[in-house]
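Right, one structure below, let's go through it.
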Amino acid sequence: MDNQKIYKTLEIIVKAVLAIAALWLCISCTMSMSISKNNMNSSQSTEQSQATSVDSTKVDVDYK
């Protein structure tokens, strides 16, 4: 392969990588904007609770 074919091959590969990166960035940005828009008017709250239970079952095993 001569230098011109190598240059064209590299140019095609770089353009493909840049196109994929731009598309990924656009999709990522659109998703984050959509999530932000949907969460803007929502209220978020956290609640903590603690429960304690005691097992009061009695087992009377009488070996005779």
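Worth knowing before you read on, the calculation uses all heavy atoms, side chains too, and leaves out hydrogens, waters and symmetry mates. Positions are given from 1 along the sequence. Keep in mind the model is a prediction, meaning the values are calculated, not measured.
Partners of Lys15 by side-chain contact (heavy atoms from CB on, under 4.5 Å), not counting sequence neighbours, listed by chain and number: Glu11.
To the nearest 0.5 Å, the span separating OG1 on Thr9 from CD on Gln4 amounts to 10.5 Å. Put simply, CG on Leu18 and CG on Leu23 are 12.5 Å apart, with the number rounded to the nearest 0.5 Å.
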